[in-house]
Number of protein chains: 2
Amino acid sequence: MTIKLTSKDDEKRAKIFKALSEVKRIEMIRYLVRHPEHKTCGEVGESLGMDKSNVSYHLKILYEADLIHIYRRGQNKYGQLREDTFNAFLPGFLDSL
Amino acid sequence: MTIKLTSKDDEKRAKIFKALSEVKRIEMIRYLVRHPEHKTCGEVGESLGMDKSNVSYHLKILYEADLIHIYRRGQNKYGQLREDTFNAFLPGFLDSL
DNA sequence: TCTGTAATTTGAAAGTTTTACAACTATCCG
DNA sequence: CGGATAGTTGTAAAACTTTCAAATTACAGA
């Protein structure tokens, strides 16, 4: 079932687009698509050459747009794509990466 | 035929997402979807309550992301959606508005 | 509890985007 | 030509985003 969007969702749409309006964040999403074993923040940062506080910053923006889910296991935090959001707002996007 | 995108297109994707990361610009796109008779800048601005220089500013951002086409006829300039770009980068988006 | 590793927060600096106004250019028509 | 209408450009202020380093919190394991 596909969710019907309306102009009421413009704020949400804008937030999602803003979250994806930086190359670095698109790369982070791509990294998560390609590594579905749920990568840690550290791995994401290392593989994209970002410093850790910057990774935190960008992940938070993706999280606040509901594009990813973050959960802790032990010392690590793992990022997980929220396919529900991508499917509702950007169908086909993840496959295009 | 659908165009195949790659990580080389990240700059372009980011630019498109940035262009759509403001509610005002999403509203402008919606206005153009709903009024396919090619509305003038003035009509867009008036209907969204924006001043004319601000309309110019936002239309330029949409234009530079290849989301719209702009042509002059007489005193007026008309905005026209670039469905090719929407289809390549955001399939389904226009229909969701 | 102490130590080390993982991630977040904070705050300052640098950079970018948005707004608004006034001055400007382009076109039309009498 | 001159006046009217449509849109653009310059510029400055305000608002927002990004980066980076240092301080801080969270957790695991000895």
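Keep in mind that the numbers below use all heavy atoms, side chains included, and drop hydrogens, waters and symmetry copies. Quick note on labels: first sequence line is chain A, next is B, and so on, each numbered from 1.
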Can you tell which of [options] lies closest to the side chain of [X]?
X       : options               : value
B/Ser56 : C/dA6, D/dT9, C/dT19  : D/dT9
A/Tyr57 : D/dT17, D/dT8, D/dA6  : D/dT17
B/Lys52 : D/dT8, D/dT18, C/dT5  : D/dT8
B/Ile61 : D/dT18, C/dT18, D/dT5 : C/dT18
A/Cys41 : D/dT19, C/dA7, D/dA6  : C/dA7
B/Lys60 : C/dT18, D/dT9, C/dC28 : D/dT9
B/Lys18 : C/dT17, D/dT19, C/dA7 : C/dT17

Worksheet item: For A/Lys77 and D/dC27, is the shortest distance between a side-chain N/O and OP1 or OP2 below 4.0 Å?
Response: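 Indeed not, no polar side-chain atom of A/Lys77 lies that close.
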
Worksheet item: Using a cut-off of less than 4.0 Å, is there contact between a side-chain N or O of B/His58 and OP1 or OP2 of C/dT17?
Response: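 For C/dT17, neither OP1 nor OP2 has a side-chain N or O of B/His58 closer than 4.0 Å.
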
Worksheet item: Hey, what do you get for OH (A/Tyr63) to CD1 (A/Ile70), rounding to the nearest 0.5 Å?
Response: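 Here the rounded value is 7.5 Å.
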
Practice prompt. Please tell me which of A/Arg73 and A/Asn54 maps to the more 5' nucleotide of DNA chain D, matching each residue to the nucleotide holding its nearest heavy atom.
Written response: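 Final value for this comparison: A/Asn54.
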
Discussion item. For A/Phe93 and B/Phe17, take the angle between the two ring planes, folded into 0 to 90°, and tell me which bin it lands in: parallel under 30, tilted 30 to 60, perpendicular over 60.
Written reply: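 Rings of A/Phe93 and B/Phe17: perpendicular, over 60°.
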
Worksheet item: Want to settle it: does A/Leu59 or B/Lys24 sit nearer the 5' end of DNA chain C, counting the closest nucleotide to each?
Response: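 Between the two, 5'-proximity favours A/Leu59.
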
Taking [atom1] from [X] and [atom2] from [N], how many angstroms apart are they, rounded to a whole number?
X       : N      : atom1 : atom2 : answer
B/Glu22 : C/dT16 : CD    : P     : 17 Å
B/Gln75 : D/dA4  : CD    : P     : 13 Å
B/Tyr63 : D/dT8  : OH    : P     : 11 Å
B/Lys39 : D/dG7  : NZ    : C1'   : 17 Å
A/Glu46 : C/dT5  : CD    : P     : 14 Å
A/Asp51 : D/dT18 : CG    : C1'   : 11 Å
B/Leu62 : D/dT8  : CG    : P     : 12 Å
A/Arg25 : D/dT19 : CZ    : P     : 8 Å

Fill in: Ion pair B/Arg25/B/Glu27, N-O distance below 4.0 Å
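A salt bridge is absent here (no side-chain N lies under 4.0 Å from a carboxylate O).
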
Discussion item. Going by side chain to side chain contact (heavy atoms under 4.5 Å, CB included), A/Ile16 matches just one of A/Thr85, A/Asp9, A/Asp66. Which one?
Written reply: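 Running side chain to side chain contact (heavy atoms under 4.5 Å, CB included) over A/Thr85, A/Asp9, A/Asp66 with A/Ile16 returns exactly one hit, A/Thr85.
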
Item to complete: Please answer whether the main-chain N or O of A/Asn54 pairs with a side-chain N or O of A/Asp51 as donor and acceptor at a distance below 3.5 Å.
Response: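 Yes; at least one donor-acceptor contact below 3.5 Å.
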
Item to complete: Can you check whether any acceptor in the base of C/dA7 is under 3.5 Å from a donor in the side chain of A/Ser53, or vice versa?
Response: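 There is none.
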
